[in-house]
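Take a look at the structure set out below.
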Number of protein chains: 2
Amino acid sequence: MKRDLSTEEKIKAAAKKVFMTKGFDGCSVRDIAKEVGSNVALLNYYFRSKEKLFELIFEGAMSDFLQAMIAVFSSELTLKEKVEQLIDKEFSFFLEHPELPMFILQSLHQNKNDAPMPSHFLKPIAKTGIFEQFERAKANGEVRDISIRNVTLLLMSNVHYPFMSKKLTMQFHGISSAEFDDDLNKHKEIVKELITNYLFISNTKE
Amino acid sequence: MKRDLSTEEKIKAAAKKVFMTKGFDGCSVRDIAKEVGSNVALLNYYFRSKEKLFELIFEGAMSDFLQAMIAVFSSELTLKEKVEQLIDKEFSFFLEHPELPMFILQSLHQNKNDAPMPSHFLKPIAKTGIFEQFERAKANGEVRDISIRNVTLLLMSNVHYPFMSKKLTMQFHGISSAEFDDDLNKHKEIVKELITNYLFISNTKE
DNA sequence: AAAAAAATTAAACACTTGTTTAAATTTTGC
DNA sequence: GCAAAATTTAAACAAGTGTTTAATTTTTTT
């Protein structure tokens, strides 16, 4: 019946690596097969088609993408602490998966099928109660009058973009990868101060 | 000798449209030929290859990308005014060319040839004297102690990312395109206040 | 150990890819 | 008006695409 499970996993790992770096259109199934050290038929044996394999990888990436967010929001911290932790956690997460923001946005940008984002990605976030906590803090006057959507946009811009723009920024300033990583660390601290100063009217805890 | 010039321009326009929306890997030369209403051989007659045509489009896009920046920096304004104007101008520019940030970053991300950014893109910026103006303001105590590179990263993050993340954000919050555009406008004002407040040290506060 | 099931392979499928060729058409210079 | 040049076209090219087929090897079950 069942044999070594690792073949299927090996294909997924190879597909993830190749899709992430080259994108769906930028690679062939033979690229992935070569990465596995096997042949193309095996890919379709386990995963029906290139597209199905991609969707699987994409959903996994999307899940990773949101995992850090959910972890922070689920904790028992004040809103300000959560914002600070979120920025810290996301930065360290993306330092280990720097291609993720680009992969997600690029995939959504040119998705042939306009399939909406599965709601099971959003529910866990709503379930953390972060939105209610935010509205409460706003009503209490702890937080500036700003929509949660604009807060999200602010956070995502400052946390995701730097990892997407590494090549552009390095070339723009003529700096090395190491120098860019230094800038990234400074950026993290700047963003933390910048956003908390802007959002939170006083230091009083919730 | 020479005939109607517009054929070459029509091909460039079609190529720009197709490359922008689908990316280099995501389209075929026949897609572009169909957009022109002609056949594939004509593309290579004018532009040798798909790659050469793409490079042309990319350089043009890159030039557009920096044009607003240069225009603002060349003016005779204070640093604070320049920052505010830059944000305004970039937002209205990208409202008309919303695919540009994604196209630039995606193209740089998976450029097979690791050709560096041509220096003739950067010289015009340096030539505006904006860097010197910034260092002077820092020495005068008008501006916080922060590197120009971090200021750039801050500005680009908050100005470019929103346009790249439209699909993600719309799906994330379940909002319409019009609602997103509203958020975008609010974001612009938020970013202006956020960044100027952070960067520029007021006399009273000191 | 034999039979059945699962996993893996090489080869072929039909189709698309970027590019080139050579012929046809249009424009230009005289 | 005519030849030369420039433009446009259809067709072909070899190589690459995702997928399928059928045969082979390996594993599991009996």
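Naming convention: chains lettered A, B, ... in sequence-line order (proteins, then strands); numbering from 1 in each chain. None of these values were measured; they are calculated from a predicted model.
Computed from coordinates, the A:D25 CG to D:dG16 C1' distance equals 15 Å when rounded to whole Å. Atom CD1 in A:I32 sits about 10 Å away from atom P in D:dT19, given to the nearest Å. Residue A:F54 contributes atom CZ, which lies 16 Å from atom C1' of D:dG18 at whole-angstrom precision. Regarding A:L42, its CG atom lies at a distance of 13 Å from the C1' atom of D:dT25, rounded to whole Å. Distance, A:F19 CZ to D:dG18 C1': 11 Å, rounded to whole Å. Rounded to whole angstrom, the span from the CD atom of A:E8 across to the P atom of C:dT8 amounts to 10 Å. Atom OH in B:Y45 sits roughly 11 Å away from atom C1' in C:dT27 (whole-Å rounding).
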* Walk me through it: do A:D64 and A:K16 pass the test salt bridge (charged side-chain N to carboxylate O under 4.0 Å, His left out)? => CA-CA 12 Å; A:D64 293 345; A:K16 184 174 179 179; 3.5 Å; yes

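Nearest heavy-atom pair, A:M164 versus B:M164, reported as atom, atom and distance to 0.1 Å: CE-CE, 3.2 Å.
Remark: A:K17 pairs with A:E35 by the side chain to side chain contact (heavy atoms under 4.5 Å, CB included) rule, at least two apart or across chains.
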Please tabulate, one pair per line, each protein N/O and nucleotide N/O from nucleotides 15-18 of chain C that are separated by under 3.5 Å, including the distance.
| unit_1 | atom_1 | unit_2 | atom_2 | d |
| --- | --- | --- | --- | --- |
| C:dG18 | OP1 | B:K50 | NZ | 2.7 |
| C:dG18 | OP2 | B:V29 | N | 2.8 |
| C:dG18 | N7 | B:R30 | NH1 | 2.8 |
| C:dG18 | O6 | B:R30 | NH2 | 3.0 |

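Residue A:T7 places none of its side-chain N or O atoms closer than 4.0 Å to OP1 or OP2 of C:dA7. Taking 4.0 angstrom as the limit, A:Y46 places a side-chain polar atom (N or O) nearer than this to OP1 or OP2 of C:dT8.
Between the side chains of A:K10 and A:S38, not a single donor N or O lies within less than 3.5 Å of an accepting N or O. Looking at A:K50 and A:S28, their side chains never bring a donor and an acceptor atom within 3.5 Å of each other. B:E9 and B:S6 are not linked by any side-chain donor-acceptor pair at a separation below 3.5 angstrom, with hydrogens and angles left out of the test.
Figure legend: cation-pi geometry between B:R144 and B:F200 absent, as NZ or CZ is not positioned both under 6.0 Å from the six-membered ring centre and within 45° of its axis.
Ion pairing between a basic and an acidic side chain is recognised when a charged N comes within 4.0 Å of a carboxylate O; B:E189 and B:K192 show such pairing.
Two rings, from B:H187 and B:F180, have their centers 6.0 Å or more apart.
DNA chain C lies under 4.0 Å from at least one heavy atom of each of the following residues of residues 34-41 of chain A: A:S38, A:N39, A:A41.
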